Colleague: 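Handing you this structure, nothing more for now.
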Amino acid sequence: MTTITAGLNNITQEIPVRGMMANVMEQFNSAADQINLHPNIRKILSITNNEIIVNFPVKMDNGEVEIFTGYRVQHNNALGPYKGGLRYHPTVDIDAARALAMWMTWKTSLAGLPFGGGKGGIKIDPSKYSKDELERITRRFTFALADNIGPEHDIPAPDVNTNSQTMAWMADTYMSTRPPAERTANQHVVTGKPAGSGGLDGRDRSTGYGVYLSIKFWAEKNNKTLEGKTFIIQGFGNVGYWAGYFLEKDGAILVGVQDAYGSIQNKKGIQVEDLFKYIQVSDGSVVNFPNAQSVNKDDFFGLDCDICIPAALGNQITKENAPSIKAALIAEGANGPINVEGEKILLERGITIIPDILCNSGGVVGSYFEWLQNRNGELWQYDEVMGKLHKKIKESFDKVYEYSEREAMDMRTAAYCIAIKRIEKAYVQRGIFP
Ligand code: GLU
């Protein structure tokens, strides 16, 4: 049995995501109130455009057939094709897919991309399936989605427990179902592909790089340096690992990590690269990493540190653990890691939150670059990609930071206000058909 790791993270345990939709709606409504959003546009943005649920059969290695349920929710495409990841996780359901699709709409709008928002996945624990089975599941899911996705219509990408290999299978399946002359012109049906198959050099680290950059920009605004600052990460998958990698390069010290299997700490520091090498030989788990002590699951977020990076699943920081958080800054690598009640406590305590739709937007910005690269038949160089990512994240960060200072509001509300205003403008300009 193999586990697909290195998606948005590698958390595979069952964590309830109930209420994700309630969270995103509450965040949306409070920002909509702030900007006096027109009631008609509020109505439009409060619902999802399309919800696709597919049940499809796949032959398992033992010859038996299993039926899987896959989702793709397309929230809004006022600004361009639907864009967002596909996750493979037991918590995937229609509520989670809707909420995550909405978050993508705000994220792409805030980043100034010509994309809307979508999200989906399969309700599955991928660690229970072989690599061959996962390939057949992915290909059959792609086939079932059929023309509900497309390079100018809806463009999936990796997310929790999916990765560049998943995207390579999807692209190959989608392209194989097109007429021969149109096959390569459809390569940008998904982003996050391997660099050798139309993927973008640097896309693998773009989310984590964006998380690191937002922390760095925040530090700069507050006349601080990252040298010697301590941080903890929940989820040592693609996002957590790369965020840690870049922070460590700037002199910050990783002092605690939690994944689906357990939590570890070392006040003197955990070397990011050593931990990464360790999880390659430990079935993806950080548990029993030498040079660290194990920590009780419930004590993790209370560890002493300057910066906390939740980079796993939603609803991880709640009213239960928010009072114990020591960090002065929380950088949301995951989507929706803090629920509304938890956030209220954190804000009252004066803790700054760099919101998900800004903090982890490096991933979808990288996806946009990949999409452009494929669309234009180009191959972009790594340095060029990283430079452009830096510029984009800086622009978004500055916009949100300045808005929040000017309007005396938290960064999440500021980010939402900017994102929603851009969509509102498009609706006002275009009107409603017919
Ligand atoms: N799954 C990532 C996210 O939540 C990336 C989405 C994409 O690149 O389309 O932002």
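Quantities reported herein were computed from a predicted structural model and do not represent experimental measurements.
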Colleague: If we only count heavy atoms from C-beta on, is the Lys425 to Lys421 side-chain gap below 4.5 Å?
Modeller: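 They are not in contact (no side-chain heavy atoms under 4.5 Å apart), so the answer is no.
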Colleague: Determine whether the side chains of His188 and Gln373 contain a donor N or O and an acceptor N or O closer than 3.5 Å.
Modeller: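 No, because no side-chain N or O of His188 sits under 3.5 Å from a partner of the opposite role on Gln373.
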Colleague: For Lys326 and Ile307, indicate whether the former's side chain and the latter's backbone hold a donor-acceptor pair under 3.5 Å.
Modeller: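 Not at all, since once roles are kept as given, no pair shorter than 3.5 Å links the two residues.
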Colleague: Run the ring pair (Phe, Tyr, Trp, His ring centres under 6.0 Å) test against Phe143 and tell me which residues pass, sequence neighbours left out.
Modeller: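 In terms of ring pair (Phe, Tyr, Trp, His ring centres under 6.0 Å), with neighbours along the sequence ignored, Phe143 is linked to no residue.
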Colleague: Ignoring hydrogens and angles, write down the donor-acceptor pairs under 3.5 Å from the side chains of residues 225-232, residues two or more places apart or on other chains.
Modeller:
residue : atom : partner : partner atom : Å
Lys229  : NZ   : Thr225  : O            : 3.0
Thr230  : OG1  : Asp306  : N            : 3.1
Thr230  : OG1  : Asp306  : OD2          : 3.2

Colleague: Taking C-beta and beyond as the side chain, do Ile330 and Ile325 meet within less than 4.5 Å on heavy atoms?
Modeller: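 Yes - at least one pair of side-chain heavy atoms lies under 4.5 Å apart.
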Colleague: With the side chain counted from C-beta on, respond yes when Lys221 and Trp218 share a heavy-atom pair under 4.5 Å apart, and no when they do not.
Modeller: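 Lys221 does not reach Trp218 side chain to side chain.
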Colleague: Is there side-chain contact between His390 and Leu213, with heavy atoms separated by less than 4.5 Å?
Modeller: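 Sidechains of Leu213 and His390: in contact.
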Colleague: Using every non-hydrogen atom in the two residues, find where Trp242 and Gly208 come nearest and quote the distance to one decimal.
Modeller: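 Looking at all heavy atoms of both residues, the shortest contact is CB-CA, 3.9 Å.
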Colleague: In Å, rounded to the nearest 0.5 Å, how long is the span from CD of Glu343 to CD of Glu26?
Modeller: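 Reported to 0.5 Å precision, the distance equals 10.0 Å.
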Colleague: Around atom CD of Glu378, are there more than 12 heavy atoms of other residues, nucleotides or ligands at under 6.0 Å?
Modeller: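 Yes, because the 6.0 Å sphere around CD of Glu378 holds more than 12 heavy atoms from other groups.
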Colleague: Indicate the atoms forming the closest heavy-atom contact of Gly333 with Asn360, along with that distance.
Modeller: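 It is O-ND2, 3.0 Å.
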Colleague: Can you tell if the side chain of Arg412 reaches within under 4.5 Å of the side chain of Gln27, non-hydrogen atoms only?
Modeller: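 In short, these two side chains touch, coming nearer than 4.5 Å.
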Colleague: Would you say Arg98 and Glu51 make side-chain contact, with heavy atoms under 4.5 Å?
Modeller: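 Arg98 vs Glu51: side chains touch.
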Colleague: Can a salt bridge be assigned to the pair Arg139 and Glu135 using a cut-off of 4.0 Å between side-chain N and carboxylate O?
Modeller: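 The answer is yes: the pair qualifies as a salt bridge.
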Colleague: Taking the six-membered ring of Tyr368 (Phe, Tyr or Trp), confirm whether the NZ or CZ of Lys83 is under 6.0 Å from its centre and within 45° of its axis.
Modeller: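 Not satisfied by the 6.0 Å and 45° rule.
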Colleague: In terms of relative ring orientation, are Phe28 and Trp106 parallel, tilted or perpendicular, with 30° and 60° separating the classes?
Modeller: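 Parallel, since the angle between the ring planes stays under 30°.
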Colleague: Got more than 12 heavy atoms from elsewhere within 6.0 Å of CG, Asn288?
Modeller: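 12 or below, so no.
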Colleague: Nearest 0.5 Å, what's the CG-CG distance between Asn374 and Leu372?
Modeller: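 Result: 9.0 Å between the selected atoms.
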Colleague: Taking Gln165's backbone N and O only, do any of them form a donor-acceptor pair with Asn163's side chain (distance below 3.5 Å, no angle check)?
Modeller: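 Between the backbone of Gln165 and the side chain of Asn163 there is a qualifying donor-acceptor contact (under 3.5 Å).
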Colleague: May I ask you to check whether Trp380 and Phe369 place their ring centers less than 6.0 Å from one another?
Modeller: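 They qualify: ring centres under 6.0 Å apart.
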Colleague: For Pro194 and Ser164, work out which heavy atoms get closest and say how close.
Modeller: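 Smallest interatomic distance, heavy atoms only, reads CD-O, 3.3 Å.
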Colleague: Taking all atoms of both residues into account, what is the closest heavy-atom pair of Ser206 and Gly366, and its distance?
Modeller: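 Answer, listing the atom of Ser206 first, then Gly366: OG-CA, 4.0 Å.
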Colleague: In this structure, which one of Thr108, Val385, Leu389, Thr207 forms a side-chain contact (heavy atoms from CB on, under 4.5 Å) with Val365?
Modeller: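 Answer after filtering Thr108, Val385, Leu389, Thr207: Leu389.
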Colleague: Quick check: does any side chain N or O of Asn296 sit under 3.5 Å from a backbone N or O of Asp299, one acting as donor and the other as acceptor?
Modeller: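 Checking the backbone N and O of Asp299 against the side chain of Asn296, no donor-acceptor pair under 3.5 Å is found.
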Colleague: Can Arg72 and Asp154 be said to form a salt bridge (charged side-chain N to carboxylate O under 4.0 Å, His left out), step by step?
Modeller: CA-CA 10 Å; Arg72 185 69 181 172; Asp154 184 355; 2.6 Å; yes
Colleague: Indicate the atoms forming the closest heavy-atom contact of Phe141 with Gly121, along with that distance.
Modeller: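 So the two residues come closest at CZ-O, 3.8 Å.
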Colleague: Using only atom types and a distance under 3.5 Å, with no angle test, would you say the side chain of Ser176 pairs donor to acceptor with the backbone of Asp172?
Modeller: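 Yes, the answer is positive, given that a donor and an acceptor are paired below the 3.5 Å cut-off.
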Colleague: Taking Val189's backbone N and O only, do any of them form a donor-acceptor pair with Asn186's side chain (distance below 3.5 Å, no angle check)?
Modeller: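 A pair under 3.5 Å: no.
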Colleague: Only one of Thr191, Val190, Thr166 clears side-chain contact (heavy atoms from CB on, under 4.5 Å) with Pro156; which?
Modeller: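 Exactly one pass, corresponding to Val190.
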Colleague: Distance alone, cut at 3.5 Å: any donor-acceptor contact between the side chains of Gln265 and Gln293?
Modeller: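 There is no such pair (donor and acceptor under 3.5 Å, judged by atom type) between the side chains of Gln265 and Gln293.
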Colleague: Is a side-chain N or O of Arg422 found less than 3.5 angstrom from the main chain of Leu79, in a donor-acceptor match?
Modeller: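 Answer holds: no.
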Colleague: Can a donor-acceptor pair be found between the side chains of Asn76 and Thr105 at a distance below 3.5 Å?
Modeller: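 Judged by distance alone, the side chains do not pair up.
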Colleague: Is there a donor-acceptor pair closer than 3.5 Å between any side-chain N or O of Gln316 and the backbone N or O of Gly314?
Modeller: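 A pair under 3.5 Å: yes.
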Colleague: Charged N to carboxylate O below 4.0 Å: is that the case for Glu395 and Lys391?
Modeller: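 Yes, Glu395 and Lys391 are salt-bridged.
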Colleague: Look at Lys119 together with Asp159 and state whether they make a salt bridge at an N to O cut-off of under 4.0 Å.
Modeller: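 Here Lys119 pairs with Asp159 in a salt bridge, since their nearest N and O are under 4.0 Å apart.
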Colleague: Taking all non-hydrogen atoms of both residues into account, name the closest pair between Ile149 and Met170 and its distance.
Modeller: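 The answer is CD1-CE, 4.1 Å.
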Colleague: Is it the case that the side chain of Arg183 and the backbone of Arg178 share a donor-acceptor pair, with hydrogens and angles ignored and the cut-off at 3.5 Å?
Modeller: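 Looks like yes, one N/O pair under 3.5 Å.
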Colleague: Kindly say whether Gly80 contributes a backbone atom to a donor-acceptor pair with the side chain of Asn77 at under 3.5 angstrom?
Modeller: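 Flag not set: sc Asn77 to bb Gly80 has no pair under 3.5 Å.
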Colleague: Does any N or O in the side chain of Arg203 come within less than 3.5 Å of the main-chain N or O of Gly363, such that one atom is a donor and the other an acceptor?
Modeller: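 Confirmed, Arg203 side chain pairs with Gly363 backbone.
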Colleague: List for me each residue that meets ring pair (Phe, Tyr, Trp, His ring centres under 6.0 Å) alongside Phe301, sequence neighbours excluded, and say none if there are none.
Modeller: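 With sequence neighbours excluded, Phe301 shows a ring pair (Phe, Tyr, Trp, His ring centres under 6.0 Å) to no residue whatsoever.
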Colleague: Any side-chain heavy atom of Ile279 sitting closer than 4.5 Å to one from Ser282?
Modeller: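 Result yes, sub-4.5 Å side-chain heavy-atom pair found.
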Colleague: Looking only at side-chain N and O atoms, does Tyr278 offer a donor or acceptor that is under 3.5 Å from a partner on Gln271?
Modeller: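 No, no side-chain donor-acceptor pair sits under 3.5 Å.
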Colleague: Side chains of Lys107 and Asn335: closer than 4.5 Å at any heavy-atom pair?
Modeller: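 Counting from C-beta outward, Lys107 and Asn335 do come under 4.5 Å.
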Colleague: Are Asp132 and Arg136 within salt-bridge range, i.e. N to O under 4.0 Å?
Modeller: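 Arg136 and Asp132: not salt-bridged.
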Colleague: If you round to the nearest 0.5 Å, how far is CH2 of Trp371 from CD1 of Ile155?
Modeller: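 One gets 5.5 Å once the value is rounded to the nearest 0.5 Å.
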